[in-house]
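Here is the structure we will look at.
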Number of protein chains: 2
Amino acid sequence: MMEPSEAGRDPEAVSKFVEAFAAQLVEAGMQRMAARVFAALLASDSGTMSSAELGEQLQVSPAAISGAVRYLAQVHMVSREREPGSRRERYRVHSDQWYEALTNRDAILRRWGMTLREGVDSLGAATPGGRRVAETLAFFEYLEGELGLLMERWREHRDRTFRTP
Amino acid sequence: MMEPSEAGRDPEAVSKFVEAFAAQLVEAGMQRMAARVFAALLASDSGTMSSAELGEQLQVSPAAISGAVRYLAQVHMVSREREPGSRRERYRVHSDQWYEALTNRDAILRRWGMTLREGVDSLGAATPGGRRVAETLAFFEYLEGELGLLMERWREHRDRTFRTP
DNA sequence: CCTTAACTTCACAAATTTCTGAAAGAAGCG
DNA sequence: CGCTTCTTTCAGAAATTTGTGAAGTTAAGG
């Protein structure tokens, strides 16, 4: 008989990893449940799980999953797919998609930029405080540009490392 | 008569910037009070403030300042200085020091690395889940190296831009 | 030494966040 | 169409985080 795709894994070891990694994401500022859902998806073999599967592994209600997934989809760390011929939804982490999201904080960086620019104006570009804020602004603008290039290089590096012919 | 160093600034405009920027730091995951203290320091003309000054600008108790500053010092976003001949302490943001801290998350990245490595072992390097986690690990290792280089280039760029002869 | 000015710690109150159960909403399937 | 299966929403309970006042600690200055 064909085994289900997650067979042969020690569920306890998996869970231990999921919780450990999630805890670090939380420390870095992510919502707890979102972090746990994300870690569970990352560790899953197929890279997809249904709401019910997540609920069981994490021992939480469907409502909690729903909220976490909504957030994760918003920040493009997971995508949602409808299983054809079923009202069951599957949530997926694309291995190449998710850390793109980490650096594609374009919208966020742009909002920071706006705030900092207004700060420079309020403080006066010629004052010491204004100059300090202006330098911070310049740093974030620099960062925004460099992160794009960095991700391009990473994709190349990854292809060489993982897709070696 | 010589004006004190912060004169001529519209305190309300300054406060508005401080709170706006702090709010964005909070959204990015920083503790609220730490964010407010940091923003206030960044916007100050001298780049330093005493506990009392911070307490007054932010309308909070000394205890709150104490906790926030402890955290900020721990992550190297501000440094503490003793005023000679006084038990008053000054907190300072070095304009070049603080965003170094942003990228010098070495310790953090290393801890993430450890967790991910254990994850690869638990899941099995040959399983799809294990491979996905391994790729994530590779990404963070790549990131760690690149961030160092990026910061070097930034320092050069900044010197050209801000210290033009 | 004693006083006093500052900073820190701690127990607790307040505010916020997080999760749940229940009910309502969609969408396949007969 | 109505039944059934899943997902979402929402009000509120529970847990966590955050900030305060008061007491404790440290060190300068007499």
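Just so we're on the same page: letters track the sequence lines, and every chain starts at 1. All heavy atoms count here, side chains included; hydrogens, waters and symmetry mates do not.
For the pair A/Gln97 (side chain) and A/His76 (backbone), a donor-acceptor distance under 3.5 Å is present.
Classified by interplanar angle (parallel below 30°, tilted 30° to 60°, perpendicular above 60°), the ring pair B/Phe21/B/Phe38 is tilted. Ring geometry, B/Tyr142 versus A/His157: the interplanar angle falls under 30°, so the pair is classed parallel (tilted spans 30 to 60°).
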**OP:** Could you run through nucleotides 9-30 of chain C and give me one letter per nucleotide, 5' to 3': B if any protein heavy atom sits under 4.0 Å from the base, S if only the sugar-phosphate is that close, - if neither?
**Re:** B---------SBB-----B-S-

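For the residue pair B/Arg90/B/Thr48, the side-chain donor-acceptor check at 3.5 Å is satisfied.
Whole-Å rounding puts the B/Tyr71 OH to C/dT8 P distance at 17 Å. Atom CD1 in B/Ile65 sits about 14 Å away from atom C1' in C/dA6, given to the nearest Å.
Between chain B and DNA chain D, the heavy-atom contact criterion of under 4.0 Å yields a 5' to 3' nucleotide range of D/dG19 to D/dG29.
Scanning all heavy atoms of the two residues, the minimum distance from A/Leu116 to A/Leu137 falls at CD1-CA, 3.9 Å. Contact record, A/Leu54 with A/Ala40: CD2-CB, 3.9 Å, taken as the closest heavy-atom pair.
In this structure, B/Arg117 pairs ionically with B/Glu141, as a charged nitrogen and a carboxylate oxygen lie closer than 4.0 Å.
Distance check, rounded to the nearest 0.5 Å: CE of B/Met49 to OH of B/Tyr91 gives 12.5 Å.
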